[in-house]
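Sharing a structure, written as structure tokens. Questions coming.
All heavy atoms count here, side chains included; hydrogens, waters and symmetry mates do not. Just so it is clear: chains get the letters A, B, ... in the order the sequence lines come, proteins before strands, and each one is counted from 1.
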Amino acid sequence: MGFPHKTHPRETPVLSTHFGDSEARSLSGWRARGGYRALEQALGMAPADIVNVVKDSGLRGRGGAGFPTGLKWSFMKPGDGKPHYLCCNADESEPGTFKDREIMRWTPHSLIEGCAIASYAIGAEICYIYIRGEFTEPLQIVGAALDEAYRDGILGKNAMGTGKRVDVYIHKGAGAYICGEETALMNSIEGRRGNPRIKPPFPAVAGLFGQPTTINNVETLAAVPPILTNGAEWYKGMSLSSPKSTGTKLFSVCGNIARPGNYEVTMGFPFREFLHDICGGARPGHTLKAVIPGGSSVPIQTMQEADATLMDYEGFVATGSMLGSGGVIVFDDSVCMVRMIARLARFYAHESCAQCTQCREGTAWVTKILERIEHGSGTTADLDTLLELSENMTGKTICVLSDSCAAPIVSGIQKFRHEFEAHINGKRCPMRSAAAA
Amino acid sequence: MSDAKMITLTIEGRQVQVAEGTSILEAAKAAGVLVPHYCYHPGLPVAGVCRMCLVEVEKAPKLAPACATAVAEGQVVHVHSGKALEARKGVLEFLLINHPLDCPICDQAGECELQDYTFAEGRSEGRLVEPKRFNPVEDFGGDVLYVPNRCILCTRCVRFMDDVAQEPVLNVSERGDRAVIGKFEGQDLTHPWSGNVVDLCPVGALLSKDFLNKARAWELDRTASVCPNCTQGCNMMVETRDNMVVRLRPRPNDDVNKYFMCDYGRLNYRWMNRSDRLEAPLVRRGDRLAVAEWEAALVAAAKALDGKRVHAVVSPSLSNEALYLVSRLLERREGTGAFRVERGPEAPLPGVEDLALRSDRAANVHGAELLGFRRSDTPMAGLRGGDALLFVDADPGVLDVTDLGRAASVVVIGTTLPEVLRGADVVLPIANMVEEEGTFTNLRGRVQRFLQARAAPGMARPSWWVLGDLLGTMGEPGNYFLASDVFTALAGARAEFAGMSYDTLGLRGLPVMSPAGAR
Amino acid sequence: MTPAEMGAVHAESHAAHGGAGHPHAEEHRPVFTGAPRAELDALLSRYPTRMAALLPALWIVQRERGWVSEGAMAEVAQVLDLTPAYVKGVVTFYTMYHQHPVGRYFVQVCTTSPCGACGADDVVRAFLEHTGTRELGVTSPDGKFTVIEVECLGACGFATPVMVNDEFHESVTPDRVPDILSKLE
């Protein structure tokens with residue numbers, strides 16, 4: 001299968017095996033495809049053993065930070081007498097990223113199974129799946145799958161007849177990118193503004209409702225059932241480059257590319273071949289210009305940098321960017337980089353929660369400057385100001401939204417300075433005047 | 001100190017030892033280093049949002065918010081390093097881009113932390129060329145105006161209302177640079193302690209309507225005092241301009257009021273500036289009261305009291321010093337003393353233990369009781385036929401003319417002369433509490449000093465002086481030179497006050513001795 | 001007042017900090033009676049605090065009334081033991097809650113960079129033209145449409161994604177716009 005394209009021969013489908021297969025959505029369909037065997041297996045294991053398998057697999061957080069999942073689970077102290085919570089981060093809002101959406105649309109039970117296993121492993125009786133409000137279809141599909149799972153006794157006070165309580169509830173977001181930040185997400189579930197919290201305390205100590213909490217991304221949790229079924233060695237074996245990056249990863253590809261969509265490859269896959277072979281490369285008549293490889297918050301790469309990249313946590317860092325959420329945004333020669341960067345800055349200005357000074361004021365200010373440059377009223381001094389403001393917005397706030405706004409600005413000015421200068425010297429956007437002519 | 005583990009660290013080259021769990025910001029304070037900050041306030045939960053207090057901690061990858069970072073053993077902290085200064089300069093620039101820079105018409109100017117830190121560490125010119133954000137001024141109700149253009153979203157006001165007043169009527173509304181402090185239509189800042197948000201606001205965004213345009217901060221003289229408007233005894237600053245009290249503000253005292261003061265207390269100051277004051281001693285000449293010299297008036301007063309049993313009706317807001325001297329006069333004349341207390345509804349501040357606007361609306365009820373005065377709704381009832389009445393600044397509402405008819409003579413010591421007391425034999429003008437020095441004993445028995453904030457009118461003299469001289473005129477030891485001399489005499493005479501002096505009281509006070517001899 | 005009667009009103013909040021003379025200060029009809037109340041009570045059992053049901057409660061209000069009025073905020077506050085100011089602070093944080101009535105069909109076009117690079121601006125123009133709204137955030141005179149630009153809808157590979165109320169349209173191009181609109185009553 002595959003969606004929206006047939007699976008490419010060079011892909012390694014694990015999570016995406018059933019994308020496009022609408023029969024996999026139902027409980028019976030999921031069972032027929034081997035579903036819930038991993039949960040059954042997990043309920044027969046000691047929680048600590050499950051944590052160890054996940055640790056051994058090398059699975060790392062797929063939401064963006066890449067924190068080792070098993071290690072994160074091990075922070076949840078069993079028998080501390082407190083209620084434990086699991087949060088599933090399905091707020092997928094990072095521009096360029098739409099992989100969790102497909103997991104929820106096609107294989108909702110893989111997520112529910114992952115949530116149930118993780119809940120059991122960390123001693124949580126309640127798991128909240130936080131789905132962004134705009135995801136009307138995933139909300140409906142995951143909701144229906146949960147109903148089925150409850151009806152079948154997979155979830156509830158006596159999950160799978162084990163006498164253990166595993167409740168999984170959907171919490172619907174309402175339009176706030178920042179709720180994808182883990183502590184903001186917890187505030188949002190608690191009925192507050194989605195403001196990120198100061199850390200420490202970390203969620204494993206005092207998270208949701210002040211209780212020990214683990215929060216994992218959809219893709220991370222969906223990867224857990226196959227890891228349990230096939231074993232840690234199997235997962236660890238799927239690594240083409242750095243041994244610290246194991247398994248497969250879903251990459252969302254969008255922007256100016258021949259075949260946009262989700263693709264699953266083994267960690268360490270060569271980025272050049274990924275873009276050109278699997279995704280089809282540039283659209284006819286165009287050449288690729290730049291890539292933002294890990295969702296809009298990571299530094300922009302030139303094609304030279306992208307071509308030299310191996311697609312894993314370490315590989316993207318080695319060429320000056322980050323794996324992030326795996327949202328690959330491709331720009332070709334038809335787009336104005338200044339406009340794209342200005343539009344990204346506007347996104348962050350719109351989404352800033354307003355707590356930290358640098359972010360609240362900085363994201364709005366750099367947007368104004370970038371839009372002015374784009375409209376042809378910029379000066380060379382503006383570029384220095386932008387770099388200085390970006391520095392002031394980096395590494396100084398509670399969360400990294402402000403850093404995320406700065407990253408494409410800094411890398412954009414460094415790598416595409418000529419486009420900025422063309423706007424400044426020509427007093428208008430060269431792409432726009434070309435289109436008008 | 002308690003048995004908390006102590007942590008040693010170095011801040012700006014100064015070694016300091018603080019309890020485990022202390023923030024770097026508080027540790028720096030202990031080391032005598034001010035870490036610039038806006039959102040942090042010791043009386044509120046930590047928010048960590050202004051990012052002004054970023055400091056450099058050696059071996060840490062990023063600058064740390066000093067307010068939200070706990071000290072660690074051996075830490076080396078730089079508050080004024082290049083990196084920390086650059087970060088603060090950045091914050092200041094961001095805070096000012098949308099600020100109207102209207103210091104010349106801003107009440108906060110001169111006591112504005114945005115102004116102070118920008119002057120000290122900020123950029124000298126702005127770089128914003130785009131138009132500034134604009135939002136109109138809003139009336140938040142109560143005594144509070146909100147000027148959103150000056151607001152830096154530090155959220156102190158919101159946290160005060162949420163966590164201290166525990167009446168969440170303020171919020172942060174909207175996101176990004178559109179964010180403002182908001183409230184709900186029809187739900188105003190009517191909490192009896194809400195005026196504190198004006199003090200807490202580090203900039204000119206929340207203003208007192210009462211104080212609006214009254215004075216520039218640098219025109220004010222500030223005097224440490226104690227709020228006389230209820231028995232809580234909140235420590236306060238009396239702020240005067242040209243000898244007029246224009247604002248009362250809380251003065252921090254952990255043992256009494258933390259950082260706060262209620263609206264009733266802070267706004268109840270106009271009586272301190274009353275212009276219908278007694279300015280000269282008066283002595284009865286036939287059917288009228290004539291102005292007299294102090295010496296003559298004191299002699300006349302002593303004569304009016306002499307040979308009679310004296311009943312004193314006193315104000316429960318007189319100082320301990322004045323009440324002590326009255327009590328000695330009563331001992332000499334085998335008299336009695338009583339007072340009535342005005343009452344009102346109690347209004348606690350829920351987030352602070354044992355802090356409330358008390359229903360007894362007088363400063364020194366406990367002191368008056370300790371010094372032997374009897375609380376009564378009818379304090380005149382103690383006046384027997386043929387007694388001399390000594391009326392010391394009490395509420396004239398306790399009197400009626402038939403009461404006065406029972407008195408063989410009437411001596412009034414007061415700040416004003418109510419109509420009903422026009423028949424007095426002698427009238428001695430005294431200073432009110434902001435015009436003199438003294439102490440009050442609050443409802444928990446804490447003795448606290450207040451200092452003189454303005455000059456008394458005309459020939460009026462401090463109450464302790466007038467009463468001391470009256471005792472002297474009556475032949476008692478009583479000619480004191482200073483309020484502190486009276487207090488020393490009181491401490492020597494009364495067990496509850498034993499060992500106290502103005503020096504040991506300092507400006508935060510001490511509790512009275514319990515009958516068992518413990519403080 | 002129906003959306004049609006409202007005429008052209010801004011969909012996105014104005015300077016929304018409770019200024020005097022709110023334009024929609026009408027009598028609020030309680031939402032949480034009968035079925036919605038039962039629905040909320042069931043939701044409350046999922047959380048250890050009442051406050052946690054705030055976002056779901058606001059969703060119920062919006063489903064029932066089409067927007068979240070100040071009267072509704074006050075009702076939600078009362079039902080969940082919160083203050084109206086608190087609720088308003090939360091409502092204004094989340095952009096999907098309408099603080100003003102909007103058209104019967106609320107059209108959200110993603111224009112964030114990945115979609116912007118694929119012609120999203122032209123899609124926006126097509127919607128403004130064919131709905132007759134002309135301006136972003138303005139409701140068409142017949143009360144039928146409100147069109148806004150929205151930040152990343154999380155479907156970047158299907159540029160340009162457009163939401164019409166709860167319905168998600170993928171890979172929308174300007175020429176598909178009339179067809180999408182023609183199916184709306």
Side-chain angles (χ1 to χ4, degrees), chain A residues 175-179 184 192-201 345-373 377-379 381-382 384-386 388-403 405, chain B residues 23 38-39 45-55 60-65 67-70 83-84 86-99 114 123 126-133 151-155 158 162 168 171-182:
Chain A
Y177 163 76
I178 192 57
C179 289
R192 304 173 193 275
R193 290 168 64 89
N195 292 339
R197 301 175 182 169
I198 295 179
K199 286 181 269 191
R346 192 179 108 186
F347 168 81
Y348 290 108
H350 185 260
E351 300 300 331
S352 167
C353 83
Q355 283 194 111
C356 300
T357 305
Q358 292 93 332
C359 181
R360 180 183 67 242
E361 304 294 339
T363 53
W365 189 10
V366 295
T367 304
K368 287 178 184 172
I369 298 175
L370 286 163
E371 287 177 348
R372 182 159 47 79
I373 295 174
S377 307
T379 63
D382 282 331
D384 296 333
T385 304
L386 280 175
E388 223 177 283
L389 297 182
S390 297
E391 170 61 27
N392 286 337
M393 289 163 65
T394 303
K396 297 182 178 65
T397 44
I398 292 177
C399 80
V400 294
L401 189 142
S402 158
D403 306 55
C405 181
Chain B
S23 67
Y38 291 116
C39 70
V46 169
V49 295
C50 73
R51 314 309 283 178
M52 186 66 180
C53 71
L54 291 175
V55 293
K62 296 202 289 187
L63 297 174
C67 69
T69 308
K83 264 169 96 177
E86 275 309 305
R88 289 207 289 274
K89 209 166 148 182
V91 171
L92 286 166
E93 182 177 30
F94 285 132
L95 288 177
L96 283 180
I97 55 171
N98 283 306
H99 186 287
L114 194 53
R123 295 173 59 89
R127 292 190 284 188
L128 179 89
V129 297
E130 281 75 18
K132 287 174 188 268
R133 176 185 63 214
C151 178
I152 61 169
L153 268 305
C154 72
T155 71
V158 179
D162 286 1
N171 64 28
V172 176
S173 283
E174 304 293 320
R175 289 195 317 225
D177 77 333
R178 289 88 60 211
V180 289
I181 301 300

Checklist entry - Do B:Arg51 and A:Lys396 come within less than 4.5 Å of each other through their side chains, counting heavy atoms only? => result no

Item to check | Part of A:Leu401 lying under 4.5 Å from any heavy atom of chain B | outcome: neither

Checklist entry - Between A:Arg197 and chain B, which part of the residue has a heavy atom less than 4.5 Å away: side chain, backbone, both or neither? => result neither

Checklist entry - Which distance, rounded to the nearest 0.5 Å, do you find between the NE2 of A:His350 and the CD1 of A:Ile178? => result 13.5 Å

Checklist outcome for this item: Rounded to the nearest 0.5 Å, the CG atom of B:Leu92 sits from the CG atom of B:Leu114 at a distance of 6.5 Å

Checklist entry - Considering only heavy atoms, which portion of A:Ala381 lies under 4.5 Å from any heavy atom of chain B: side chain, backbone, both, or neither? => result neither

Checklist outcome for this item: Applying a strict 4.5 Å limit to non-hydrogen atoms, the region of B:Leu54 in contact with chain A is side chain

Checklist entry - Closest approach of A:Cys399 and A:Asp403, non-hydrogen atoms and distance? => result O-OD1, 3.8 Å

Next on the checklist: Between A:Glu388 and chain B, with a heavy-atom cut-off of 4.5 Å, which part of the residue counts as in contact: side chain, backbone, both or neither?
Outcome noted: side chain

Item to check | A:Cys353 versus chain B, the contacting section by heavy-atom distance below 4.5 Å | outcome: backbone

Checklist outcome for this item: So, the part of A:Ile398 with a heavy atom under 4.5 Å from chain B: the answer is both

Checklist outcome for this item: So, the part of B:Leu95 with a heavy atom under 4.5 Å from chain A: the answer is both

Checklist outcome for this item: Max heavy-atom pairs within cutoff under 4.5 Å with chain A, candidates B:Asn171, B:Thr155, B:Ile152, goes to B:Ile152

Item to check | Point-to-point distance, once rounded to the nearest 0.5 Å, from CE of B:Met52 to CD of A:Gln358 | outcome: 10.0 Å

Item to check | Under 4.5 Å from a heavy atom of chain B, the part of A:Thr363 involved | outcome: neither

Checklist outcome for this item: With chain A, the option among B:Ala64, B:Gly48, B:Ala179 that has the most non-hydrogen atom pairs under 4.5 Å is B:Gly48

Checklist entry - Under a 4.5 Å heavy-atom cutoff, which of B:Glu86, B:Lys62, B:Glu130 has the most pairs with chain A? => result B:Glu130

Item to check | Reference residue A:Glu371; test side chain to side chain contact (heavy atoms under 4.5 Å, CB included); the match among A:Ile369, A:Ile373, A:Thr367 | outcome: A:Thr367

Checklist entry - Of the non-hydrogen atoms in B:Pro168 and B:Asp162, which two are nearest, and what is the gap between them? => result CB-OD1, 3.1 Å

Item to check | Nearest atoms (heavy-atom pairs only) where A:Ser402 meets A:Cys359 | outcome: CB-CB, 3.6 Å

Item to check | Engaged part of B:Ala47 at the chain A interface, taking heavy atoms whose separation is under 4.5 Å | outcome: backbone

Checklist entry - Which pair of heavy atoms, one from A:Leu386 and one from A:Leu370, lies closest together, and at what distance? => result CD1-CD2, 3.7 Å

